[in-house]
Amino acid sequence: MNAINAINMATTPALDTVNVDVAASSTFVSTPHIVQLTDRALMYLRAGYSIHLSGPAGTGKTTLAFHIAAQLRRPVTLMQGDHQLTSADLVGSASGYRKSKLVDNFIHSVLRTEETQTSLWTDNRLTTACRYGHTLIYDEFNRSPAEANTPLLSALSEGLLNLPQVHAGRENYLTVHPRFRVILTSNPEEYAGIYKSADALRDRVITIRLDHFDRDTEVCILATKAVLDEAHAAAIIDFVRALREKRADSQITVRGALALARVIATSSFAANADDPMFRMVCVDLFGVDDEDMKLFRPVLAQSSHPRPVRSKLMPVPAGEVIQ
């Protein structure tokens, strides 16, 4: 699954921020399952709420976030959670000083000097998104400490962003643009490097809990992305899903299945449990043993010219490309 047609990181002088150009990719896999998730998210966003996509790694949270943002047809600002982030990294901070000096010697016997020094403020991404009504995608936001995300609370509930008083005459509060929206993504709290998110923040967004895709969606993803015929794609997906169920391991995801499919599509060995190379690749990707390999079912129909499956794909409306 890939909703990102192009990501162009460019500093816009007028906005002093990093924007992301998003559009629906021609290879984006849109099945009824994906359409239903997208429609729910857009329903909440258009009603004025921000959303939170929560689920294990490999369930397409980030790709779905970009796809949803493209449908809103608004400029997108992207942030990545990080343990070193502070609230200043969201809101902004003083970035230097402007100093001026006036020397008055109009009367040669009198010398008057006057110096002024003013702090310079630079908006960071949350402030810019609030000011101009961008869609803020905050990917893996719970990799940042909860206190770093505090500025989001008033922005989402009261529609006001509290700004530090850097110098006299500067605004202390920013009224949030009515079309500002946030799309958060997060991994489970038991993952390494994940902080417990604030209850107050979760209360201000609508959480959509994602799990692994249904079988038809996973088969379409493999057939489209790895250029495999449907029979091979289905055999790989059934094997991966059986492994996931046997081990109760959510880390066995469609990403591993896609890696296996791409290796098969670009190599000379067959998707066969008796093929030594196939078995070694499965060991590298999934750590399987001989008992696990019994879960792989032979490909019933093989195509001499593998083609991506297109018949099951649904058309995806392209989002606006923000220049």
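If you read the sequence from its start, that first residue is 1, and numbering goes on from there.
I237 and V263 fall within a single hydrophobic cluster, where Ile, Leu, Val, Met, Phe, Trp and Tyr side chains are chained together by heavy-atom contacts under 4.5 Å. At a threshold of 4.5 Å between side-chain heavy atoms, the hydrophobic network of Ile, Leu, Val, Met, Phe, Trp and Tyr places L260 and M293 in one connected group. A continuous path of ILVMFWY side-chain contacts below 4.5 Å connects I221 to L285, so both sit in one hydrophobic cluster.
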List the steps, then state whether side chain to side chain contact (heavy atoms under 4.5 Å, CB included) holds for R74 with H177. CA-CA 12 Å; R74 295 292 299 167; H177 192 287; 4.1 Å; yes

Dump the intermediate steps for side-chain hydrogen bond (donor to acceptor under 3.5 Å, both in side chains) on H134 and T77, then the final yes or no. CA-CA 6 Å; H134 293 187; T77 298; 2.9 Å; yes

Worked check of side-chain hydrogen bond (donor to acceptor under 3.5 Å, both in side chains) between H52 and S186: CA-CA 8 Å; H52 169 210; S186 70; 2.6 Å; yes

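Counting heavy atoms from C-beta outward, V205 and I51 have side chains that stay 4.5 Å or more apart. With a 4.5 Å cut-off on side-chain heavy atoms, T31 and V29 count as touching. Residues T62 and I137 fail the side-chain proximity criterion, which asks for heavy atoms closer than 4.5 Å. A 4.5 Å side-chain heavy-atom check between V240 and V254 finds every atom pair outside the cut-off. Inter-residue side-chain proximity for V76 and L136 is flagged as unmet; no heavy-atom pair is nearer than 4.5 Å. Between V281 and F269 the shortest side-chain heavy-atom distance falls below 4.5 Å. Here the side chains of F180 and T135 are not in contact, with every heavy-atom distance at 4.5 Å or above. Between I206 and S50, every side-chain heavy-atom pair lies at or beyond the 4.5 Å cut-off.
Residue-environment remark: CD (E245) stays at or below the threshold of 12 foreign heavy atoms within 6.0 Å. Within 6.0 Å of CE in M43 there are more than 12 heavy atoms belonging to other residues, nucleotides or ligands.
Residues forming a side chain to side chain contact (heavy atoms under 4.5 Å, CB included) with D249 (at least two apart in sequence, or on another chain): R247, Q251, I252. In this structure, the side chain to side chain contact (heavy atoms under 4.5 Å, CB included) partners of A235, at least two apart in sequence or on a different chain, are F296, V299. Partners of R255 according to the salt bridge (Lys or Arg N to Asp or Glu O under 4.0 Å) rule, which considers only residues two or more places apart in sequence or in another chain, do not exist here. In this view, L160 and T175 satisfy the side chain to side chain contact (heavy atoms under 4.5 Å, CB included) rule, not counting sequence neighbours. Take R202 and apply the side chain to side chain donor-acceptor pair (under 3.5 Å) test, not counting sequence neighbours, and it matches S197, D199. Looking at residues two or more places apart in sequence or on another chain, you find no salt bridge (Lys or Arg N to Asp or Glu O under 4.0 Å) involving R204. D238 pairs by the side chain to side chain donor-acceptor pair (under 3.5 Å) definition with R215, not counting sequence neighbours. Applying the salt bridge (Lys or Arg N to Asp or Glu O under 4.0 Å) rule to D211 yields no partners; only residues at least two apart in sequence or on another chain are considered.
Counting only N and O atoms by type, the side chains of N124 and T127 include no donor and acceptor under 3.5 Å apart. There is a side-chain donor-acceptor pair under 3.5 Å between T185 and D139.
Listed by first and then second residue, the salt bridge (Lys or Arg N to Asp or Glu O under 4.0 Å) pairs involving residues 258-287 are R279-D290 (not counting sequence neighbours). A side-chain hydrogen bond (donor to acceptor under 3.5 Å, both in side chains) check over residues 142-153, counting only residues at least two apart or in different chains, returns the pairs Y138-S144, Y138-N149, E140-R143.
Between the R297 side chain and the K294 main chain, no donor and acceptor come within less than 3.5 Å of each other. Using a distance-only test at 3.5 Å, with no hydrogens or angles considered, no donor-acceptor pair links the side chain of R244 to the main chain of T253. Counting only distance, with no hydrogens or angles, the side chain of Y191 and the backbone of A57 share a donor-acceptor pair below 3.5 Å. Remark: side-chain polar atoms of R209 are not paired, donor with acceptor, to backbone N or O of L53 under 3.5 angstrom.
What you find for C130 and A155 is that their closest heavy atoms are SG-CB, 4.2 Å. The two residues V182 and L45 have their closest heavy-atom pair at O-CD2, 4.3 Å. The two residues L228 and A261 come nearest to each other via the heavy atoms CD1-CB, 3.4 Å. The two residues R46 and Q71 have their closest heavy-atom pair at NH2-O, 3.8 Å. In plain terms, the two heavy atoms of A271 and I264 that are nearest each other are CB-CD1, 3.8 Å. Nearest heavy atoms, T59 versus F213: O-CZ, 3.3 Å.
Ring geometry for F278 versus F239: interplanar angle of 30 to 60°, hence tilted.
Distance check, rounded to the nearest 0.5 Å: NZ of K61 to CD1 of I208 gives 13.0 Å. Distance check, rounded to the nearest 0.5 Å: CG of D214 to SG of C220 gives 8.5 Å.
Using a 4.5 Å cut-off between side-chain heavy atoms of Ile, Leu, Val, Met, Phe, Trp and Tyr, Y195 forms no hydrophobic cluster with any other residue.
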Can you give each donor-acceptor pair under 3.5 Å made by side-chain atoms of residues 83-92, sequence neighbours left out, with the distance rounded to 0.1 Å?
from: T86; atom 1: OG1; to: A88; atom 2: N; distance (Å): 3.4
from: T86; atom 1: OG1; to: D89; atom 2: OD2; distance (Å): 3.3
from: D89; atom 1: OD2; to: T86; atom 2: N; distance (Å): 2.8

